[in-house]
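I have placed the structure first, in the form of structure tokens, so that the comments after it can refer back to it.
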Amino acid sequence: MDDEYAKLLRRMNPPRVVIDNDSCEDATIIQVYSVKKHGILLHVVQVLTDLDLVITKAYISLDGGWFMDVFNVIDRSGNKVQEEEVIDHIKKTLESDDISAPSLRRTVGLMSSEEHTSIELAGTDRPGLLSEVCAVLTDLHCNVVNAEIWTHNARAAAVVHVADDSTGYAIEDPKRLATIKALLCSVLKGNSDMRSPKMTLSPPGVTHRGRRLHQIMFADRDYVKVERVQGRAEEKGSSPQVTVFNCSEKDYTVITMRSKDRPKLLFDIICTLTDMQYVVFHGVVHTRRMEAYQEYYIRHVDGLPISLEAERERVVQCLEAAIERRASEGLELELCAEDRVGLLSDITRIFRENSLSIKRAEISTEGGKVRDTFYVTDVTGNPVDDKTIDSVRGEIGQSLLRVIPNSGSPVEAEGATKTIGCIFGSFFRAKSFQDSKLIKSCS
């Protein structure tokens, strides 16, 4: 009866989206009003993130069964969202009651099962691992169409979309799939991995790729700290600051986070909290000068705040991991070239032969063109020297492989700073004063 009533309430009060390009000088304001539904916040953030929009500020409220959010967004160039196609897609998708509505972009996590076979990998990270995986796939006549690879705390995870290199379609032969699984597991196992590697064939299109990578890493317990490699240079102040405490007065658990700002940060946090079965009732997101401040008032899905110290510590660890997994560790390299069978295997082999370690990678193919991004360090995790990069570019092609400058673009930083005073500016200023009193009263 409760489910039927909830469905009736949603039909009588469909989601409403207001997109305002007039009230704020430097950002597009997106307001979302909807009946409460588990996962709605993640859905909204995912839609905006998949459109490559930067959320510079957000106000989240879930009161009395109603979901009311306000987002200040800009594009990656620091401009307002002006394209009618993008605006129409946001409204159409968010005003739909279907949380799995299709994405405007083809490069995000959803895909057709008829075109590709989706492979999920998890194991211990080591230099050259991606090169070995790509070599095996090439030998088995699998063409990598799209992929995303993460490494964190000595663990590695990947979601790889492959197609048969002769037909261009998904691989369905059970014997061939069994061979692929056996050989990839052998590669992931290595010589000294005490933890069993994992290789699965997932139903394509069921879960967003970024969310699935978080789930794989979480299941692999990458949030458990490991000793850093000796000799590695750690950047001071680079670690996120996460605090979790209870506010008995309001019956919430309060989470505050301060970290470097980066693309998709909000998605990664909301994704983690949602998959850990927590509900965000109120929240504030605030970015300035490439720093992000986030504050959330949460409860477990059963309606209770966090009560155990062990659970509180686990939440801190998992949120720190969520922030760090997609952090742009290493030098960013971009490959733009004509697609061909075995290209990724050749590129990663050249990286391995020049002692480069791939910390994160995004592989995409469209219209016969590849556009791949790699974040690389040397094998000890330290920055790569210019001589090595020149050598790698010489082998691959100077015009094909580009070095991308530091992704901390001043355009994004400036845009984020200017948007602070537009909407809820007074709210944030008052909030910081109230928070100092709240922490004293709740701790």
Side-chain angles (χ1 to χ4, degrees), residues 42 49 109 118-130 132-133 147-160 184-185 187-200 202 207-230 232 234-235 238-242 244 255 257 259-260 262-278 294 310-330 357-363 373-377 379-381:
L42 176 59
T49 300
S118 182
I119 298 174
E120 298 178 356
L121 305 171
T124 299
D125 185 31
R126 67 176 186 274
L129 177 60
L130 181 58
E132 295 177 39
V133 169
E148 193 160 354
I149 300 95
W150 292 358
T151 65
H152 180 250
N153 272 348
R155 307 304 297 171
V159 175
V160 185
L184 287 179
C185 281
V187 168
L188 291 170
K189 181 66 177 177
N191 298 321
S192 58
D193 190 0
M194 301 302 294
R195 296 162 69 175
S196 298
K198 298 175 184 176
M199 182 276 181
T200 59
S202 61
T207 305
H208 184 273
R209 192 169 67 196
R211 184 177 185 184
R212 188 67 193 124
L213 281 164
H214 278 297
Q215 292 171 345
I216 295 171
M217 283 290 205
F218 176 79
D220 206 28
R221 294 177 58 82
D222 76 306
Y223 52 86
V224 177
K225 298 293 184 182
V226 296
E227 290 185 8
R228 296 291 184 182
V229 177
Q230 188 175 4
R232 174 178 172 181
E234 288 291 327
E235 185 178 349
S238 61
S239 299
Q241 301 174 22
V242 181
V244 179
I255 298 175
M257 283 169 282
S259 66
K260 284 186 175 181
R262 61 165 175 79
K264 303 184 181 181
L265 177 61
L266 180 58
F267 169 81
D268 293 337
I269 294 300
I270 299 302
C271 176
T272 300
L273 289 173
T274 302
D275 285 338
M276 292 183 73
Q277 300 298 304
Y278 294 108
Q294 302 178 68
E311 183 182 4
R312 184 178 291 106
E313 291 178 0
R314 184 165 173 264
V315 169
V316 170
Q317 288 180 324
C318 291
L319 291 176
E320 288 176 345
I323 294 171
E324 294 169 348
R325 285 171 191 147
R326 215 196 295 251
S328 300
E329 180 181 358
S357 179
I358 299 172
K359 296 301 181 182
R360 188 163 63 88
E362 296 178 19
I363 312 300
T373 302
F374 304 92
Y375 296 87
V376 299
T377 65
V379 290
T380 64

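Predicted model only: the values in this text are computed from it and were never measured. The first residue in the sequence is number 1, and the count goes up from there.
Under the 4.0 Å criterion applied to side-chain N and carboxylate O atoms, R262 and E329 are not assigned as salt-bridge partners.
In terms of the side-chain contact (heavy atoms from CB on, under 4.5 Å) criterion, residue partners of V316 (sequence neighbours excluded) are, by chain and number, V242, V244, E320. Residues forming a salt bridge (Lys or Arg N to Asp or Glu O under 4.0 Å) with R326 (at least two apart in sequence, or on another chain): E148, D268. For A322, the side-chain contact (heavy atoms from CB on, under 4.5 Å) partners at least two apart in sequence or on another chain are H214, I269, T272, R325. Partners of Q317 under the side chain to side chain donor-acceptor pair (under 3.5 Å) rule, at least two apart in sequence or in another chain, do not exist in this structure. In this view, A147 and V144, I149, V160, I363 satisfy the side-chain contact (heavy atoms from CB on, under 4.5 Å) rule, not counting sequence neighbours.
The heavy-atom pair separating S357 from V379 by the smallest distance is CB-CA, 4.3 Å. The shortest heavy-atom contact between S259 and L265 is OG-CD2, 3.7 Å. A pairwise comparison of heavy atoms in T49 and F267 identifies OG1-CB, 3.6 Å as the closest pair. When every heavy atom of Y278 is checked against every heavy atom of V315, the shortest pair comes out as OH-CG2, 3.5 Å. Between W150 and M217 the shortest heavy-atom distance is O-CE, 3.5 Å. Taking both residues in full, the closest heavy atoms of V159 and S118 are given as CG1-OG, 4.0 Å, listed atom of the first, atom of the second, then distance.
A distance of 11.0 Å separates CG in L319 from CZ in R314, rounded to the nearest 0.5 Å. Rounded to the nearest 0.5 angstrom, R221 CZ and C318 SG are separated by 9.0 Å. For the atom pair CD1 of I216 and CZ of R209, the computed distance is 11.5 Å after rounding to the nearest 0.5 Å. One distance of note links NZ of K359 with CZ of F374; it measures 15.5 Å at 0.5 Å rounding. In this structure, L188 CG and D125 CG are separated by 10.5 Å, a value rounded to the nearest 0.5 Å. Separation of atoms CE (M257) and CG (L266) is listed at 9.0 Å; rounding is to 0.5 Å.
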- Please lay out, stage by stage, how L129 and V187 fare under the test side chain to side chain contact (heavy atoms under 4.5 Å, CB included). CA-CA 8 Å; L129 177 60; V187 168; 4.0 Å; yes
- Should E324 and K225 be marked as a salt bridge (charged side-chain N to carboxylate O under 4.0 Å, His left out) after you check the CA-CA gap, both sets of side-chain angles, and the distance that decides it? CA-CA 12 Å; E324 294 169 348; K225 298 293 184 182; 3.8 Å; yes
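For the pair V133 and L184, the minimum side-chain heavy-atom distance is below 4.5 Å. The shortest distance between side-chain heavy atoms of R212 and Q215 falls below 4.5 Å. Side-chain contact between R126 and E132 is present, with heavy atoms from C-beta onward closer than 4.5 Å.
A donor-acceptor pair is defined here as one N or O able to donate and one able to accept, closer than 3.5 Å; no such pair exists between the side chain of D222 and the backbone of N153.
For the residue pair T151/R360, the side-chain donor-acceptor check at 3.5 Å is not satisfied.
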